[in-house]
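Each remark here refers to the structure printed beneath this line.
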Amino acid sequence: MKQILCPMNGLRDIDEFVYGGVVRDMPDTAHCSDEDWSEYLFLMDNTAGLVREWWLHSPSGYWFIAERDTVSDVISATFDPSLFFTWAAAEHTQANSDD
Amino acid sequence: MPLTLIKAAFDRAIGKAVAADLPTTPELKSHYDVVIVGGGGHGLATAYYLANYHGITNVAVLEKAYLGSGNTARNTAVIRSNYLTPEGVEFYRASVDLFQDLSYELDFNMMYSERGQLTLAHTDANLRSFRQRCAVNQHFGGRTEMISPDEIRHLVPSLNMHPGHYPVLGGLWHIEGATARHDAVAWGYARGASRAGVELHQLTEVRDVLVESGRVVGVATDRGRVGAGCVIQAVAGHSSVLAGYAGFKLPITTYPLQAMVTQPVKPFLDPLVSSPSLHCYVQQTSRGEIVIGGGSDPYPLYNTRATLGLKEQLVANAVELFPRMGELRTLRQWAGLTDMTPDYSPVMGLSPVENYYLDAGWGTWGFKATPIAGKLMAELVAGDGGVPRLMQPFSLERFRSLNLVNEMGATAASH
Amino acid sequence: MTDSLDRLSAPAGLLIDRSRTVNFDFEGRRHQGLSGDSLASALYASGERALSRSFKYHRRRGALSMAGQDANTLVSVNGEPNVLADMIPLSEGLSARAQNTWGGLRFDALAVMNLLGGLLPAGFYYRAFYRPRGIWQFWEPVIRAMAGLGVLPNRAPHALSEKRHLHADVVVVGAGPAGISAALTAARHGASVILIDENRRVGGSLTYDNAHLKDPAQRIAELEETLRSEPGITLLVDSVCTGWFADHLLSVISAGSLIKIRARRCILATGSFQQHLVFRNNDLPGVILASAAQRLISLYGIRPGRRAVVATVNDEGLQCALDLQRAGTEVQVVVDLRTVGLADSALQEKLFQAGIRYEAESAINEARAGSRSGELIAVDIRRIIAAGELAAAGEIIYCDLLCMAGGTMPAYQLACQGGARLRYAEESAEFSIENLPLGMYLVGAVRGVRGERVSGEWSGIGLEQDAAHVASLALQSLGLIDEPSVAVSAASAPVNHAWPIFAHGGGKEFVDLDEDLQVADIQGSVDLGYRDVQLVKRFSTVGMGPSQGRHASLPTALLVARATDRLVDETGVTTARPPFAAEKLSVLAGPPRHPVRHTSLHQRHLNMGATMMPAGAWQRPAFYGSPDRRTALIQSEVAQVRTGVGAIDISTLGGLEIRGPDSCELLAHIYANPLRSLAVGRARYVIALNEMGFVIDDGVACRTAENNYYVTATTTGVDRLYREITRWNAQWRLDVDVVNVSSAFSAVNVAGPASRRVMAALCPDLALDRNDFPFMACVNAPVAGIAARIVRVGFVGELGFEIHIPSSRGAELWDSVFKAGRDHGIVPFGVEAQRLLRLEKGHVIVGQDTDGATHPDEVGLSWAAKPERGFFVGGRSVAMHRAKGIGRKLVGFRLKPGAGQIAEGDLVMSGGDIVGHVTSCGAPLAGGDTIGLAYTADTQAMAGDLLRLRALDGTLLTATIADTPFYDHAGERQEV
């Protein structure tokens with residue numbers, strides 16, 4: 001069984017973690033075309049090689065980002081998401097209202 | 001003892017040359033009418049039907065390893081059609097029909113064995129979805145019934161009727177559920193294709209797809225470039241990589257699927273038994289081994305390594321279902337690579353590249369689709385541009401128009 | 001059967017205790033062995049060499065390796081199939097039987113298969129049994145019955161054993177001289193070490209190939225003492241390492257349980273497997289490996305035979321001959337495949353002095369069996385005239401024992417499981433291992449280092465130093481030492497022969513004993529076009545038997561390479577898959593681990609006679625009373641809630657607590673519903689979608705303070721929803737805390753027209769009338785003195801109060817509710833009644849009325865999902881779906897009593913086409929209509945239109961589409 005170096009909890013067996021998908025940029029939902037949106041939804045890079053992914057340390061509820069090679073299954077680095085996502089990013093999430 | 005064996009022994013004794021099933025790999029020609037990438041069951045079946053049913057014989061099958069070395073060799077050889085959607089059921093019914101006659105058609109014993117497949121309902125939600133699957137299957141002429149716990153006890157006396165904390169509330173009894181020798185399916189098609197003139201190229205890896213003005217013109221292999229009138233990709237587990245060479249993406253993520261087999265014992269289990277709640281299915285092969293399978297791995301990977309955790313889980317669940325299996329011993333654990341799609345249905349037919357055709361996205365169901373997929377792919381390529389009716393629901397285009405064919409309900413460890 | 005053989009005196013017999021006899025039986029006959037014997041050694045000592053019948057030809061087979069490395073020794077012990085007779089210790093009263101016999105080991109009716117061998121080449125079943133159509137159905141059961149080894153008894157194992165976890169800096173697999181050296185080196189430099197060996201005693205080859213030791217028993221005892229007194233070493237003997245998994249996780253079967261060892265570094269000292277030679281009848285009882293003879297002598301004190309022949313490709317056979325002679329076996333001849341002058345001269349001199357004849361450049365043409373015993377009585381030895389070719393005539397030598405030293409194959413399995421590759425060197429005819437995973441090291445014979453002979457005697461020189469050096473590399477990588485120790489030259493004399501295979505016109509030269517495969521089977525597979533070694537394996541089944549090719553892979557590789565005109569290095573061997581050794585399923589399974597969750601009220605439900613049902617991992621009351629009155633009880637519970645008051649345990653509902661300045665922002669992005677306008681103290685039904693716009697969960701969001709929300713979620717969906725929310729916010733970085741409080745709260749819904757009066761008794765200080773505490777309001781207030789959150793919701797369609805309290809107070813609240821409700825006739829109601837009650841209200845249950853690809857508009861929830869208001873998860877997809885138009889719609893329907901029986905899952909038909917299915921249905925009133933929800937393709941369908949339903953027996957029924965809710969359309973009853 002593999003182990004993952006969780007930035008919060010240290011080295012743990014992989015069965016404590018839940019895979020959360022590849023880190024991807026969402027198109028601007030207010031302005032993107034239907035085609036862009038369906039491509040975002042369904043068409044995957046499915047890279048054979050190094051990818052950046054979301055992983056959750058389930059017992060502690062902590063999400064982080066791992067760089068993993070999808071061929072060798074070697075995890076080369078793990079990061080706290082704040083390294084990639086800042087609060088400022090929240091401003092980019094399109095606002096909404098109740099109306 | 002069948003006469004065939006006696007005659008074969010006589011032929012061997014007098015030194016009569018035996019025609020090989022699989023030819024040695026020839027030199028690559030510079031151009032083929034059809035290049036099929038992937039020498040697994042699907043690619044070989046496609047070649048067989050092209051050559052034998054459509055007279056298209058200037059065909060090359062390119063296989064990076066040996067014939068049938070991918071998922072054809074790694075699946076657990078379950079054949080069934082008890083799916084959930086009408087599109088899925090009709091498609092797999094057609095496949096079962098072809099399977100039933102395949103040994104005869106290919107003159108090669110596939111050891112097709114109709115054992116019946118029993119899917120156990122442990123919750124009322126299971127019962128609901130099984131009733132629906134049963135009804136859809138019956139509608140398309142399938143032999144499928146809902147059966148009671150008493151009938152299950154009679155059918156599978158070795159089954160624990162209360163595995164884990166799940167009672168057995170009933171079952172989906174798919175009488176046509178079957179198994180076959182998976183390798184033989186590939187070899188039978190390969191032999192039939194090659195005898196009709198198709199070239200089979202083993203140890204020939206495609207490294208690029210050559211596209212000009214939106215139209216495929218050939219492939220680049222580790223043995224050189226090959227021109228092609230059209231190209232079919234049938235490379236489950238690596239579909240995205242090949243499509244990437246051709247310049248487009250697929251709605252596919254690659255996950256390993258592990259399975260294991262025990263040492264052989266004398267026959268005690270006829271039907272194929274699966275439990276969606278326990279994520280486990282079990283069958284006894286004709287060699288006497290017990291094959292145990294479950295769900296896909298929890299994260300994507302292009303690697304067929306084995307994990308201990310999955311084996312422990314598979315075994316725990318199998319022993320829960322069949323307590324006597326506690327005295328069995330493991331023999332081997334392995335994995336295949338599966339193309340998982342968002343709706344658990346395949347991606348077949350046209351692609352964004354002209355004359356480039358897709359046979360992908362089979363998830364854990366590729367083996368049981370082998371004959372029909374090959375037949376329809378051949379019809380597609382040989383036809384006048386129309387997509388065969390049974391294939392239409394599974395187009396790549398459906399994702400753009402959000403017309404998913406939701407087979408999630410037919411999964412949960414019933415490969 | 002040969003005569004029983006006397007035991008040798010000490011020092012032979014490392015494992016046995018001559019003072020204690022053990023009675024057992026085999027094939028119904030009583031035998032006596034010694035304490036410490038294996039079943040196979042005790043039988044051998046009794047003159048019983050044959051243990052089994054072979055897989056296909058039903059030939060008699062005896063132990064090949066005496067080390068658990070071949071399938072010949074698989075027997076049934078006390079009913080348990082496929083037990084290795086050479087590994088299982090003898091125990092008093094043990095009862096064993098041979099397997100795969102039809103009538104017994106001695107007179108097996110299927111021995112006739114041996115005569116039919118010529119008809120049954122590899123893969124014969126692909127070419128027959130299928131014409132005429134349908135004939136396979138006749139043959140298949142016949143072939144199945146003949147396959148398989150033991151019979152699996154109809155019983156459960158006595159106990160499923162607990163698993164253990166161990167951790168170490170360095171794990172060393174194999175406690176032979178190299179492994180011991182590596183383990184001691186590592187431990188003495190401060191590493192924590194686990195040393196594993198599959199045998200009962202440490203020492204590896206020293207336990208049987210030990211002529212150079214004065215007193216082997218004492219030497220082994222010393223080694224054990226040294227290892228046990230080393231504080232850093234944990235020694236696991238009688239423990240088989242069955243698998244290597246990523247990041248050095250090893251599975252070890254020890255004393256009937258699974259140990260999972262996590263190590264930082266892994267040193268393999270797994271040794272090598274002595275190979276058999278391939279010649280006609282190389283499988284007869286009496287034909288064994290040279291090391292097996294040495295094990296019989298040294299471990300069990302058994303003289304392996306009276307008259308022996310040794311066939312060898314290296315010096316191991318010469319040593320074996322000397323050991324045999326010393327044990328009192330008369331060695332007739334040593335047949336050496338090598339050319340003259342290649343044998344160790346000192347050893348050859350010893351042979352000469354012992355009067356043992358030595359023939360170089362010779363091999364066995366054929367072994368011969370006694371016509372009655374079926375066991376070895378003679379061999380035909382001949383000169384080698386070319387690779388694999390023997391002279392036309394030879395010499396018959398009578399013997400009852402033939403020992404084979406056919407070269408070695410490194411025990412590569414664990415390394416290859418880790419991704420290592422095998423390479424073959426044509427010069428040495430040996431496989432070596434390369435491309436090891438990071439942190440894995442090899443020492444000893446698996447690395448091709450075997451120790452030198454000095455004056456004909458084996459010595460550990462070179463071997464132990466090399467192992468210590470390799471261990472020091474591991475220590476350096478762990479930072480325990482700065483510099484590795486100096487590398488030593490560890491060149492070893494060649495042990496393999498380029499072509500130890502002698503095909504015979506009569507066949508029966510077995511390449512794979514497990515599968516009864518002969519040279520012609522491998523050649524024949526290649527001839528049929530199965531040229532890749534993996535295809536040869538798949539077609540012929542070579543290497544697929546219980547010993548997984550330990551002895552078959554080398555000759556197969558040689559044969560395939562020659563037949564396809566390639567180098568062995570190109571053909572290679574088949575992939576090594578775990579496990580290395582068979583693992584009993586009960587050991588791998590461990591104790592059952594299917595966690596069941598009970599709410600804090602579980603015992604109360606049982607006391608009230610509830611029939612429980614699973615809901616995910618939870619157990620919930622389906623209804624109260626006996627299952628045989630199911631329908632009536634459910635309908636009665638429904639009636640009680642409609643006319644009086646009932647209480648249901650809803651503790652399994654998920655609950656999320658969301659707090660912080662951005663909590664409103666977060667929820668407005670997660671849920672499809674508008675939530676900004678939700679006032680403090682109010683609640684709202686909400687749905688969550690995935691990015692594809694499909695409904696994944698629903699619940700009620702309560703705004704408990706300006707920046708505080710409490711949101712309920714479905715029982716089975718809450719964990720996934722919580723994960724999704726936290727993942728989104730790991731990107732959005734909103735200033736908000738999200739906590740999954742599902743397990744922290746129990747909840748009871750008190751519902752029915754009389755519920756307000758019950759609540760009044762429970763909460764005397766709380767204003768409960770419709771103005772003070774209206775529908776969809778929430779308040780924090782004590783209930784029966786327990787701090788609670790009360791929400792007025794209407795899932796069942798009556799006046800109702802959901803009371804959420806800390807789980808620890810659940811039972812107390814339940815008791816209080818029933819006490820307060822006694823005067824109002826309060827009853828408990830279960831999940832089934834609740835389903836009917838909500839069905840009457842037309843509320844969907846996510847997961848039952850939705851299918852994972854359900855668009856909100858299809859199930860009447862278009863009002864809840866408004867993409868126009870801006871971003872929320874799934875909103876963009878909802879807009880796309882809406883523009884495209886929906887393809888199906890969930891409608892209510894009614895079916896008159898007597899119109900037929902339908903059930904959930906039945907189909908909705910339009911002409912000959914399936915257009916939908918029934919998702920929910922039931923009859924809330926005894927003798928009343930069946931009502932239900934069903935998908936139909938006709939999105940224009942109106943109340944009063946007909947709906948065609950197909951029952952499972954194929955009958956078509958006609959229902960009438962009805963407006964939902966079926967009950968209290970205006971919602972007056974819940975909003976009072």
Side-chain angles (χ1 to χ4, degrees), chain A residues 1-6 11-27 29 32-59 62-79, chain B residues 64 207 235-256 258 296-313 335 337-345 347 351-352 358 360-361 395-405:
Chain A
M1 188 184 303
K2 278 193 69 59
Q3 293 184 305
I4 296 182
L5 186 66
C6 170
L11 197 63
R12 299 289 180 121
D13 284 0
I14 201 168
D15 62 1
E16 293 183 17
F17 297 87
V18 175
Y19 172 71
V22 176
V23 177
R24 315 166 73 202
D25 288 332
M26 187 192 291
T29 55
C32 72
S33 67
D34 283 358
E35 187 155 339
D36 289 345
W37 183 248
S38 64
E39 174 166 343
Y40 163 76
L41 281 182
F42 298 114
L43 299 187
M44 303 294 158
D45 289 332
N46 196 23
T47 306
L50 200 65
V51 290
R52 197 170 277 175
E53 301 171 326
W54 287 104
W55 285 85
L56 169 72
H57 183 248
S58 189
Y62 171 72
W63 281 102
F64 60 95
I65 291 168
E67 279 181 356
R68 186 175 67 96
D69 187 310
T70 59
V71 177
S72 67
D73 207 17
V74 168
I75 295 169
S76 43
T78 53
F79 311 94
Chain B
K64 70 174 176 182
R207 301 268 172 84
V235 292
H238 295 85
S239 299
S240 302
V241 176
L242 205 66
Y245 294 156
F248 60 94
K249 294 187 202 174
L250 290 173
I252 285 173
T253 309
T254 298
Y255 285 85
Q258 301 187 55
S296 295
D297 271 27
Y299 63 92
L301 187 65
Y302 285 93
N303 186 323
T304 55
R305 90 280 181 266
T307 66
L308 178 59
L310 191 107
K311 178 160 66 175
E312 291 178 82
Q313 187 192 323
L337 297 181
T338 59
D339 285 355
M340 301 308 295
T341 61
D343 59 0
Y344 288 70
S345 288
V347 180
S351 80
L358 295 169
S395 71
L396 177 60
E397 186 58 26
R398 76 178 182 272
F399 293 97
R400 192 193 307 241
S401 52
L402 303 181
N403 282 321
L404 306 193
V405 185

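In the text below, chain A, chain B and the rest are named by the order of the sequence lines, each starting its count at 1. Predicted, not measured: the structure shown is a model, and the values here were computed from it.
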Problem set entry | Test side chain to side chain contact (heavy atoms under 4.5 Å, CB included) applied to Tyr19(A) and Val22(A), step by step | CA-CA 9 Å; Tyr19(A) 172 71; Val22(A) 176; 3.7 Å; yes
Problem set entry | Interface moiety of Asp45(A) toward chain B, non-hydrogen atoms closer than 4.5 Å |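 Its backbone and side chain both get close to chain B.
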For this session: Pick one of side chain, backbone, both or neither for Trp55(A), based on which atoms fall under 4.5 Å of a heavy atom in chain B.
Result: side chain
Under 4.5 Å from a heavy atom of chain A, the part of [X] involved:
| X | answer |
| --- | --- |
| Thr307(B) | neither |
| Pro342(B) | side chain |
| Leu301(B) | both |
| Leu402(B) | side chain |
| Leu337(B) | neither |

Exercise. Is there a side-chain contact between Thr341(B) and Phe42(A), using heavy atoms and a 4.5 Å cut-off?
Worked result: no
Exercise. Do Ile4(A) and Thr78(A) have side chains that get closer than 4.5 Å, going by heavy atoms?
Worked result: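 Contact flag for Ile4(A)/Thr78(A) side chains = yes.
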Problem set entry | From CA spacing to verdict: side chain to side chain contact (heavy atoms under 4.5 Å, CB included), Val235(B), Lys64(B) | CA-CA 10 Å; Val235(B) 292; Lys64(B) 70 174 176 182; over 6 Å; no
For this session: Assess whether atom CZ of Arg400(B) is packed by more than 12 heavy atoms of other residues, nucleotides or ligands within 6.0 Å.
Result: no
For this session: With Arg24(A) as the cation and Tyr40(A) as the aromatic partner, state whether NZ or CZ is under 6.0 Å from the six-membered ring centre and within 45° of the axis.
Result: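 Yes, a cation-pi geometry holds between Arg24(A) and Tyr40(A).
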Problem set entry | Greatest number of heavy atom pairs closer than 4.5 Å to chain B - which of Gly20(A), Ala48(A), Ser38(A) | Ala48(A)
For this session: Tell me, out of Ser401(B), Ser240(B), Pro298(B), Ala306(B), who's got the most heavy-atom pairs with chain A below 4.5 Å.
Result: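 Top count of heavy-atom pairs under 4.5 Å with chain A: Ser240(B).
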For this session: Go through Ile252(B), Leu310(B), Leu396(B), Val241(B) and name the one with the most non-hydrogen pairs under 4.5 angstrom from chain A.
Result: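 Heavy-atom pairs under 4.5 Å are most numerous for Ile252(B).
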Problem set entry | Between Tyr299(B) and Asp73(A), a side-chain donor and acceptor under 3.5 Å |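 Judged by distance alone, the side chains do pair up.
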